Every structure is written in C-alpha cells, then in structure tokens.
Amino acid sequence: MEPTTLGFRPHSLGNLRRMTDAINENEYDVFAIQDKWLPIWDDLRPFASGNAGDTRPKKYVLDMFPYPSGDLHMGHAEAYALGDVISRYWVQKGFNVMHPIGWDSFGLPAENAAIKRGLDPKGWTYDNIAQQRASMRRYACSFDWDRVLITSDPIYYRWNQWLFLEFYNKGLAYRKNSNVNWCPSCQTVLANEQVVQGLCERCDSVVTKKALTQWYFKVTEYADRLLDDLDTLEGNWPGKVLSMQRNWIGRSHGADVDFVIEGRTEPVTVFTTRPDTLFGATFMVVAADSALAAELAADADSETQAAFAAYLDQVKQSNDIERLATDRPKSGFSLNRFAVNPVNGAKLPIWASDYVLADYGHGAIMAVPAHDQRDLDFARAFDLPVQVVLETGEEDPAVSGVATTGEGTLINSGPLNGLSKADAIKKIAEVLEADGMGKSSKNFRLRDWLISRQRYWGTPIPIIHCANCGELPVPLDALPVELPSAEGLDLKPKGTSPLGGATDWVNVTCPKCGGAAQRDTDTMDTFVDSSWYFLRFLSPTSTEHAFPKEAAKEWMPVDQYVGGVTHAILHLLYARFVTKVLHDLGHIDFEEPFTRLLNQGMVLMNGSAMSKSRGNIVALSEQLDEHGIDAVRLTMSFAGPPEDDIDWADVSPAGAAKFLARAWRTANDVTSAPGVDFATGNKELRKATHTFLRDFGPLIENFKFNVGVAKIMELVNALRKAIDGEAGGADAAVREAAETVAKALSLFAPYTSEDMWAKLGFEPGVALAQLGVADESLLVESNVVAVVQVDGKLRDKFEVSVAITEDELRTQALASESVIRAIGDKQIANVIVRAPKLVNIATK
RNA sequence: GCCCCUAUAGCCCAAUGGCAGAGGCAGACGACUUAAAAUCGUCACAGUGUGGGUUCGAGUCCCACUAGGGGCACCA
C-alpha cells in the first residue's frame, strides 16, 4: 500500500463515518474535531519557545530526531506520543519548554534508494522530510516549529565540518592505516559499534577485514571519563543503558609486564588482569596478524616463513563469525623464538595465534594455562606445559582440562607463596615496579571511533591533501565544503568514495603552497551529525557559530531526552564524548548532555517486531483513520510502562476512543458558567478532583503515564456519576472536575481536550492552561477504616477517627468479636498498632 | 562464560513492607430501545512463576531455582 499522509486517506472508514454520523454537536466526531483545531493551533503557536521577554523558567525536552526513510510509522507514533506527554506536562506547569525537531537526513538509506531508482538522494530525502513534517503537524506533536534542523543542509553540516576541525586541531581526529571492519555489500568501512555479532548492522552481511587508511576520533582518550561519569547519571538514566555503556567501554584493571625476547633489543610488553599468576606463565602468544608476529617470524628459515605465511593467510581469510564461535578449536604457529619470564628467568616459547587480538592491550599475552581456560585449551592442543601456581583445592587443570580461576593460595611463586589472590596481585605490582619490569595498568574494550565512510550522502571531510604540504585543514572561512551535485556521479558502491569521481570538486589548489591538491573524498559517519545536534537547536539557522554560548548556558544540558533503546550505546556514547570534548575546548560548561533519559519500548505485533518479511506491519495511517489521532496517542500512553514493549495485538485503540468519547460528553453536560465558585460544589466530587490533582503530577514526572491515564479515567467515572446522580450538570464541582479532565487529557489527547475546553466556554489553548494544585483541606479525612489482623490475616475492620490514639485503637481492636474468635485459646504475644489504620495481633 | 532486567485475573497492567485491584480489554447480566447499535449501570474471575529465609506482617526485602528478555564475550 502506498504511504499516505496521516489521516488523509480519502475513502477511509473514518471519513465515511464522518459523513454519515456527524449529525449534531452532541456527537463526538473525532475527525471533525481534528480538522477544526489544527489550523487554529497553527495561528496560536502555543509551543513557541523563543519569544523575547518570556519569563517562564526554561526546560529542554528532546525527542531523538528521525531518519527520513518514508512516512512516520508506529514506532514514531509511540515515541512522539510519549515525548509529547512530558513536553506538554512541563508547558502546563508553566515552563518555557524547548521541544524542537529535526531530521538526521544523511546516510545510506537515501543513497541506496537513490541508486535503486536512479534518483538524486537529495530529492528522496527532502520529499520524505516534507511528508514526515506534515504528519507530525497533524499528529499534533508539540514541537517548536521555529527550531528545525536538517543535517543534510549545508547550513548544518558546515558546523559538522567545523566540529571535525576542532577535533583535528586538538589532536583528537587522526588518520591511520589498520585492519578495519569492511562491509562487502555496503562497500564501506564500519565502526566497531556498527558490527553486530560479526554482521553489518545495516544489511546483515558478514563483515570482513580490510587494511585501509581512515579517519578516527580519539574516543579512547575519554574512556575513563565516559565510564566514571555514568555514575552521575545513576537514577536519571535507565539502569539498562548505564550497564550497556559500562559493558561497551569495558575497563579491565591489571598490569603491564615486560618480557625480554632473546635476540631482540626491545622487550615485549603484555597486559594481564592476573599478574598474580606470573610464575605460572609457560608460553607467550602474539596476535598472528600483528606487526610483532611478522617481525618475530622474519628471521626464521624460508620453510618456516612460508608456513607462517600460510597460517597468517588462513587467519585473514576467516571472518568474525568464525572467529567468534566459542567452540572453535585453537589454532597457532610456533615462531621458534623465546621470551624470558622476568620473575623467574624461565624460557617461554613464543607462539602466534588468532585467539590473541592485535588491537587489544599490546597484541601479545603471557599464557598461564593452569588459570586461564583459553590458554589451557591452547596448551593442550599443542602439548605445552601447565604449571599450577594457585592452589584452589580443585583438580589439576592439566588433568581435568578445566582452568582454575577461583580464590586460593599462591604456590610455586617465590615471594608470592602463601598469599591470597588479592594480596598477590598487590604484591607483584610492587615487585615489578621496583625492578622496572612492569606496572599496574588498565585496558579498555572501547576502540577509537572510525568516522570515514566511502559514500556520497554525508558530510565531506574538510581536509585537503597536497603532495608537498601533506594533510591540511580547509580554512574556516572556506566552509562549508559543499557536496558536489550527484548528477553524473556513479554512486554505486565500489570501495572508494563516489566523490572521487567529481573531478572538478576534488581538484583544488593547496591553501598553503598554492600547488595542485586534492580534497579528501570520504564523508563522515552520520553518527557525527547526531552527536551534537541538540546544541544546534539553540540557533539552527546561524551562520555565525555552531551554537550560541550564552543560550547554551541558559538551556543546556537537555533536561529530558526521549528515544529508543536502540541508541543505548552508539549515539549516546558519541554524544557524551563530543560533549566532553566541547567542554574541554571551552565551548560549553557542562560535561553530560542529557540529564534525564527515557527509553521507550518498541511497538510489536503478535509478539515480534514489525517487518515486511514477517508480514505483520501495522500501518499507522490506517490506525489513525480507524480510531483517530487522539485514540492512537492515548493507546500508546496507556498500554503499560513506557519502557515496556507494546504488542499492538494486546491493546485496544477502540477502547481508548470509547473512553475519549465518554470524557468528551461530560463537558457537554456541564451547564454552569466558567468562573463559578467551585467551593459551593459537591464535596465528594471535589475530593475526587483534588485527589487526582495531588496524584497526577508525580505520576507523570515518574513516567507512569499509564497510571496517570487510569487516574483520569477514574475521575471521569466519578464525574459521570455526579452528573447522572444527585449533583447534576449544574453543580460547580462538576465543572471543576470537567475542566480538570480537559486539562489533564491534553497531554494525551490534544484534539479531544481542546474541544472539551471550548465546550466548557474557554478560548483555545488548553495546552497552556495550568492544571492547578490540590487543595489539601479537601483531602483531610475525619474518619478512616482501621484494619485488624490476627497473625497477619484480616479479621475485622471498622471506621475510626483519624485522631484515634494507639491505646484507644488497641482497646477497640481487642474488643472486636471476630478478633476474639480468631484468637481463640491462643495467647497474645504482641500487638502492633499503627494508628489509625492498622492493628496486628500476633499470637504464640 | 560474565553482568543485568522481568514474572500479579483469559489478556494489558495497578498496588510508600500493612485489606491483592486503581484503570482498561475481552466476558456475563440489567436499564434504555419495537429492535439493534450507541449509552448508562451491575457482576464474576487470581492469592502474586517455584522453594526457602527475614519480619508482628512479604506481590514488595534476602537467597536458590525455573521460564522469558537484554548487554558483553577467544578483550588476556
């Protein structure tokens, strides 16, 4: 089915209903209401955040910006419904809320679509943006439409290039040649973060390795801070995200130990987390694909060299999928060279193997087979000795084949003998340091961020390569380096950037010597674009600066960030990294970009993610046509806790629509005039209203939107009862409750709520009306029901004054007949009194 | 292998260590109606995955297990 703009399907069920059912103004016609209010809101602009002289306190609420890959889908509908609840809540509380939107519009899907259809990626991208924008407006997203950015606009990516140069000048952007992740299908390199289980995150092709010179951002230099500062987010970010980031950064503490190599001047350093087992090292392993392995093999005879080359070839052939298989047998090659264990002089044979990674630690390890399973597997495969140095009381690993890794006592370890594991680690560090053979150290799983991409639709890297002067940054006043037109360029993946084909664009004069030079033809990873966009919203059209410093002081950091957990690692880590760099460069005065984070779940259908292959896609436009925008939005909020996935098969947008009609009708039944004195109204309903006012805010602030909606339903039920009962539609409390419902509902169902507001006699703009605070005096109870338990089981309850004393309550409880019956012959051991609500009698 | 989350009614989900049910879906019944839809109202259904423990009192805290989900993983 062709995507349509939301709600505009011409012959839909909804429109049919509109034509036949909308007989009079006492019928709730959601589609007529939608059409009525949208243009009025366009004029009213209730969510403008940049008005001069606005004295309201500021709050920055940000939804993760979308990729323009077609019209909005169910996932967007959930994300923006939930983000809107938060944003509208703070507006209603009297805050000047900045809630902007933009598009993360560079990237592969546009380029692939363009190749497939023979179009310019630009046209495809901007058409989709126009469609999404129209849909967002109709979906009644509370965005500030004066703050919009599109990352593929030169006015945006010019500052992306500025950011790159800031990093470059600070030494945080550099080029190096190494084996990089390569997607043979996308024909581009991938960041470590974009390789999932050995597969390309985007197309699921098996990722291979390729030696290339590429640009990197030095994120490892910030690894400690990125890890440690997660503690400051505790409680305000989902624990899950914090733990994912911690796992990803992966800091290990241990020691670097220097091993002298026979026939080599320089010692080889290894990293180990178990320096306590140093006396148990029986061989050394270097990464087969490392420079060190090549060097150590270089001196061997030609036969050995050939054999090593063959092994290395085999290693390079294998991809990550094979490499990651856990039951894979160990392979290796003896280099016929020897290292000397610095603590006992033992001569250790050096092996090359692919189970040691070239780019972690120093690309070489000391192997302690008795206490490391991988080393033991290797030792058993190649018949190498196993030396136990930590007595754990378990079977000898050489016999059992199981390395012992638990606690124990050091043996066969000279000065460490008799120590515990922890004490030995401490002691050996001192010994190594004193003798200059090593030191305590740490290592990270995190690697530097590879940002080069061999694709067209991205930000050009602002570097010029000159044969004489080398690598030169494009001068600031020459920015932006605009993308050349795609016309005439071959965008098909071929391993080098399509920009290389734009000869006129590539060839420039060197900014230093004036000679012939070439532009760098790679583009930046689009994660660079999204790593700082939250700052750009402060001045999205400025040509003076990336963002204004003063406004950043006022608005940043983002108070509330809302988005999917899919970005728990990549985007959030990069944004945190860039923020820290900008802080260190003196551009901003904070170090964490997002104070509070909400990760909404996914929308599923019949238990699994919606996908074409499963054939379980629910079209948002059809849902909106069927049930109306408000009902879909309400369903998203009411389905359950926002972090949980929503199975669309389990929820009921029809039920939500029914409730909205029920709520809407109450406004119709109010016959008093605006401004009536609520104090004269029905006490019971007033109490319900003010109980609601007390409970609602904290629920929303704690993201318990589903419970908040339930509370509105409760209030509507009480209101209905009052209207149909003694109080009647003219009662002042009925108006108070109906106004409260209209205002609270505006967070979830803006159209219905605005229409109720009009029915109640107010000017448009319920979103700006303040909800009001609970009148505590209405909530004071004079009597409560006291509960009496015997041994924790309920035995009696009766009404008592809230002022009852413990003694009075105890006496009354013990006098209860059913309590006496429950106690029977048993002896009373203890009586717990929690006046005025509870008594528990414990018997022996 | 390491780390983490979740488990309440047929279903989605509530419940500051204190009466297991707030709300909804699906269901039954009643009122209104010539009838149906819509609407309004009433009702039923679980003892909280399993086994221990702490406590006067546990859905809630602790331990173990089972099931489901997630992150990291030949990272030394």
Side-chain angles (χ1 to χ4, degrees), chain A residues 21 27-28 197 238-252 254-255 270-275 277 281 285 287 323-328 330-331 353-357 359-368 371-375 377-378 405 443-447 565 568-569 634-635 638-641 643-647 649-656 658-659 661-662 665 695 699 704 706-717 720-721 723-724 785-797 828-834 837-843:
Chain A
D21 283 3
E27 283 294 323
Y28 174 73
Q197 304 284 306
K240 189 178 164 184
V241 176
L242 296 175
S243 103
M244 283 164 82
Q245 295 232 341
R246 288 188 179 114
N247 276 341
W248 189 262
I249 296 167
R251 182 166 56 199
S252 306
V270 305
F271 174 71
T272 176
T273 55
R274 292 294 306 278
T277 63
V285 186
R323 220 188 137 102
L324 290 172
T326 44
D327 51 355
R328 185 167 181 238
K330 290 277 181 290
S331 68
S353 174
D354 64 353
Y355 88 92
V356 172
L357 306 176
D359 60 350
Y360 182 77
H362 306 282
I365 63 159
M366 66 176 207
V368 184
H371 307 295
D372 182 289
Q373 191 61 47
R374 297 154 300 183
D375 297 346
D377 292 344
F378 193 87
T405 56
N443 254 295
F444 297 92
R445 213 198 67 95
L446 183 72
R447 309 293 206 274
V565 74
I569 298 178
L634 186 69
T635 302
F638 185 54
E643 314 80 39
D644 289 6
D645 289 345
I646 299 172
D647 192 329
D650 288 338
V651 295
S652 173
K658 201 170 113 184
F659 163 71
R662 181 174 158 88
R665 279 193 302 272
D695 296 342
L699 287 170
K704 297 187 164 198
N706 54 328
V707 186
V709 172
K711 296 288 178 198
I712 302 178
M713 289 173 169
E714 217 174 329
L715 182 56
V716 167
N717 290 344
R720 182 78 258 159
K721 207 168 174 178
I723 291 169
D724 294 343
V785 173
V787 174
V788 186
Q789 301 171 334
V790 177
D791 292 325
K793 290 202 178 67
L794 176 69
R795 293 303 181 189
D796 198 9
K797 47 173 130 180
I828 296 174
N830 195 4
V831 180
I832 310 291
V833 184
R834 294 281 179 273
K837 292 186 111 169
L838 179 128
V839 178
N840 189 17
I841 298 157
T843 64

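Since the model is a prediction, treat every value here as computed from it, not as a measurement.
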When rounded to the nearest Å, what value does the distance between P atoms of C32(B) and G41(B) take?
16 Å
Please report the distance, rounded to the nearest Å, between CZ in F378(A) and C1' in A76(B).
13 Å
Would you say the side-chain atoms of N840(A) pair up with the backbone N or O of G792(A), donor to acceptor, closer than 3.5 Å?
yes
What residues, two or more places apart in sequence or in another chain, satisfy salt bridge (Lys or Arg N to Asp or Glu O under 4.0 Å) together with R795(A)?
none
Have a look at D359(A) and say if it touches a base, only the backbone sugar-phosphate, or nothing, with a 4.0 Å heavy-atom cut-off.
nothing
Tell me whether D791(A) contacts the main-chain N or O of T843(A) through its side chain, where contact means a donor paired with an acceptor under 3.5 Å.
yes
Considering every strand shown, what is the Watson-Crick or G-U wobble mate of G18(B) when both distances are under 3.5 Å?
C56(B)
Write down the distance separating the P atoms in C63(B) and C3(B), rounded off to the nearest Å.
13 Å
Could you tell me whether G47(B) is syn or anti, where syn means a glycosidic angle within 90 degrees of zero?
syn
Partner set under side-chain contact (heavy atoms from CB on, under 4.5 Å) for V785(A), not counting sequence neighbours:
K797(A)
Going 5' to 3' along nucleotides 5-14 of chain B, which nucleotides have protein heavy atoms under 4.0 Å from the base (write B), which only from the sugar-phosphate (write S), and which from neither (write -)?
------SSSS
Would you mind reading off the distance between L794(A) atom CG and G47(B) atom C1', rounded to a whole angstrom?
14 Å
Please state the P separation for the pair C65(B) and C2(B) - nearest whole angstrom.
11 Å
By side-chain contact (heavy atoms from CB on, under 4.5 Å), which residues pair with S652(A), not counting sequence neighbours?
A654(A)
Output the single nucleotide from G71(B), G23(B), A76(B) whose closest atom is nearest the side chain of N247(A).
G71(B)
Short question: side chain of S353(A), backbone of S331(A) - any donor-acceptor pair under 3.5 Å?
yes
Would you kindly give the CH2-to-C1' distance between W248(A) and G71(B), to the nearest whole Å?
10 Å
pair_partner(C40(B)), Watson-Crick or wobble, both distances < 3.5 Å, evaluates to G30(B)
Using Watson-Crick or G-U wobble geometry with both distances under 3.5 Å, which nucleotide pairs with G51(B)?
C63(B)
Distance check needed: C3(B) C1' versus R246(A) CZ, whole Å only.
11 Å
For residues S252(A) and N443(A), is any side-chain donor paired with an opposing acceptor at under 3.5 Å?
no
Remember a base hit wins even if backbone is also touched, and classify S243(A) as base, sugar-phosphate or nothing at under 4.0 Å, heavy atoms.
nothing
With P as the reference atom in both, quote the distance from A31(B) to U16(B) in angstrom, rounded to an integer.
40 Å
What's the gap between U39(B) and C25(B) when it is taken at their P atoms, as a whole Å value?
10 Å
For G361(A) and for Q245(A), find the nucleotide of RNA chain B with the closest heavy atom, then tell me which residue's nucleotide is more 5'.
Q245(A)
Complementary nucleotide for C25(B) - Watson-Crick or wobble, under 3.5 Å:
G10(B)
Contacts of R665(A) meeting side-chain hydrogen bond (donor to acceptor under 3.5 Å, both in side chains) (sequence neighbours excluded), chain-then-number -> none
G68(B): pairing nucleotide in any strand, Watson-Crick or G-U under 3.5 angstrom
C5(B)
Pick the C1' atom in C19(B) and in U60(B), then give their distance to the nearest Å.
16 Å
Could you tell me how far apart L634(A) (CG) and G23(B) (C1') are, to the nearest whole angstrom?
11 Å
What residues, two or more places apart in sequence or in another chain, satisfy salt bridge (Lys or Arg N to Asp or Glu O under 4.0 Å) together with D724(A)?
R720(A)
Which residues pass the side-chain hydrogen bond (donor to acceptor under 3.5 Å, both in side chains) test with D650(A), not counting sequence neighbours?
none
Using the P atom in both, what is the distance from U8(B) to G49(B), to the nearest Å?
6 Å
Answer with yes or no whether K330(A) presents, from its side chain, a donor or acceptor under 3.5 Å of a partner atom in the base of C74(B).
yes
Using 30° and 60° as the class boundaries, would you call the ring planes of F378(A) and Y355(A) parallel, tilted or perpendicular?
tilted
Whole angstrom is fine here: how far is it from CZ in F659(A) over to C1' in A22(B)?
13 Å
How would you list, by chain and number, every residue that makes a salt bridge (Lys or Arg N to Asp or Glu O under 4.0 Å) with D375(A), sequence neighbours excluded?
none
Y360(A) or M244(A), whichever maps to the more 5' nucleotide of RNA chain B:
M244(A)
A76(B) C1' sits how many Å from I365(A) CD1, rounded?
5 Å
Take atom CD1 of I646(A) and atom C1' of C25(B), then tell me their distance rounded to the nearest Å.
15 Å
Say we look at U48(B) and A14(B): how far apart would their C1' atoms be, to the nearest angstrom?
13 Å
Does C74(B) pair with anything, Watson-Crick or G-U wobble, both distances under 3.5 Å, and if so, with which nucleotide?
none
What are the atom names and distances for every N/O pair under 3.5 Å that joins the protein to nucleotides 54-59 of chain B?
from   : atom 1 : to      : atom 2 : distance (Å)
C56(B) : O2'    : N840(A) : ND2    : 3.4
C56(B) : O2     : N840(A) : ND2    : 2.4
G57(B) : O4'    : N840(A) : ND2    : 3.4

Residues passing the side-chain hydrogen bond (donor to acceptor under 3.5 Å, both in side chains) test with N247(A), sequence neighbours excluded, are none
Residues that R251(A) engages under side-chain contact (heavy atoms from CB on, under 4.5 Å), provided they are two or more places apart
D224(A), L227(A), D228(A), H253(A), K442(A), F444(A)
Output a table of nitrogen or oxygen pairs between the protein and nucleotides 36-39 of chain B separated by less than 3.5 Å.
from   : atom 1 : to      : atom 2 : distance (Å)
U39(B) : O3'    : R665(A) : NH2    : 2.9

